Amino acid sequence: MSASTRAVLRQVEPFAESRLPAPVKPLPRPEPIGRAVELAFLRWEKRRLEPTERFWRDFGMHIVSRTNDRLIARGTGPSPCIAIAQQGRHDRFVGPAFRMSDDTDLERYAQMLGAKWLAPEQIPGGGAGVEVTDPSGRSVWLLQGQRPADPLPVRAALVAAMNTAQHAPRVNRMVRAPIEPARIVRLGHVVMQTVDFASMAHWYQRVLGIIPTDVQYLADGSPTLAFCRLNLGDQPADHHTVVIVGGIEEKYEHSAYEVIDLDALGQGQQVLRAQGHRHMWGIGRHVLGSQLFDYWFDPDGFEYEHYTDGDLFTADFETAYSPLEFGSLWAWGADAPASMKPKKNLGTLLHVLGLLRRKAITPGRLKLLGQALDAPARPWA
Ligand SMILES: [Fe+2]
């Protein structure tokens, strides 16, 4: 490796929130109304349920029930449901549902945000819940009192016995991962793009009591991407459960599902390939969150992520800030596909002109977003 190549192989150098350099603006932290303790499930509308059912099975979910108009899936963990697809006129992501702490008062959402109470039969696993609407118009459910399900049997992790140079516990035993879909243990996170980053980041923090773990900012120092974790106090929480990405669309980006270990991720990729599904990106390791990842498209083009070995943090861990760069998405692995960026075509141009005309975005912000996304991710490649 030459000296010039070494010079560009760099890690992002984050700033702690207490030591931000002058141009970087801290992300405002509103007073929370309540506290989410789990991303319970995601709700979908699909014109045809069969292709989604086939993808969910091959992706490693367990189908709980299937009627003519509703499909419910779970993982092997105690959540009774991690995904619902309702038969409808569109293929679309409807919204996320969160399990709220026992000391959260759902009635406050009715009073402060005009939340509507859900009918109990709408909620898989029972309990009570309210529906609120986020600033982009998306439906969000806040739930309490769902009955946990008995966990499903799942193989032991193979990486627990990984031999490393310093520690080799596996002797007289082989690594033989079964050829099967990567069993989903649980739903981990959801990522949503928005034009109005400030309002969405404010709303989700206020409604869910989530904590920004990593914030990324544009060249003018304005926060524009927030990886937020649940506030579980001293109990470790995933690096991110909700991610809000500032961009040029109101859009579901992807959702991510924890699998048993790296061998499940790898064998799961083979199974999905063998079943003819469309691969998107991976295997690689993320920078922010550190997960080993593998991304797939469902039959309608929605992005799903398998992951394992993510970072965990307690509530007191300080928020970090780093510049938004496309290359900061992954530490190693194949380059992120160009499909993760807005297409440079007439449709995008007309859409952006519409945003400018409605003053939904300023020309300055648009330019900074373009700079962040267009900077070469791997300058040596
Ligand atoms: Fe992800």
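All values derive from a computational prediction rather than experimental measurement. All values below come from the heavy atoms of this structure, side chains included, with hydrogens, waters and symmetry mates left out. Each ligand, and each atom within it, is numbered from 1 in the order the structure gives.
- Using a 4.0 Å cut-off between charged nitrogen and carboxylate oxygen, K367 and D220 do not count as a salt-bridge pair.
- At a threshold of 2.8 Å, the Fe ion (ligand 1) has a backbone or side-chain N, O or S atom of H189 nearer than that distance.
- Taking the six-membered ring where the residue is Trp, H277 and F55 present perpendicular rings, their angle passing 60° and hence far from 30°.
- Considering CD of E258 and OH of Y307, their distance stands at 4.5 Å, rounded to 0.5 Å.
- The Fe ion (ligand 1) is closest to atom OE1 of E305 (considering only N, O or S atoms).
- In H254, the N, O or S atom that comes nearest to the Fe ion (ligand 1) is NE2.
- Within the cation-pi definition used here (under 6.0 Å to the ring centroid, within 45° of the axis), K341 qualifies as a partner of F326.
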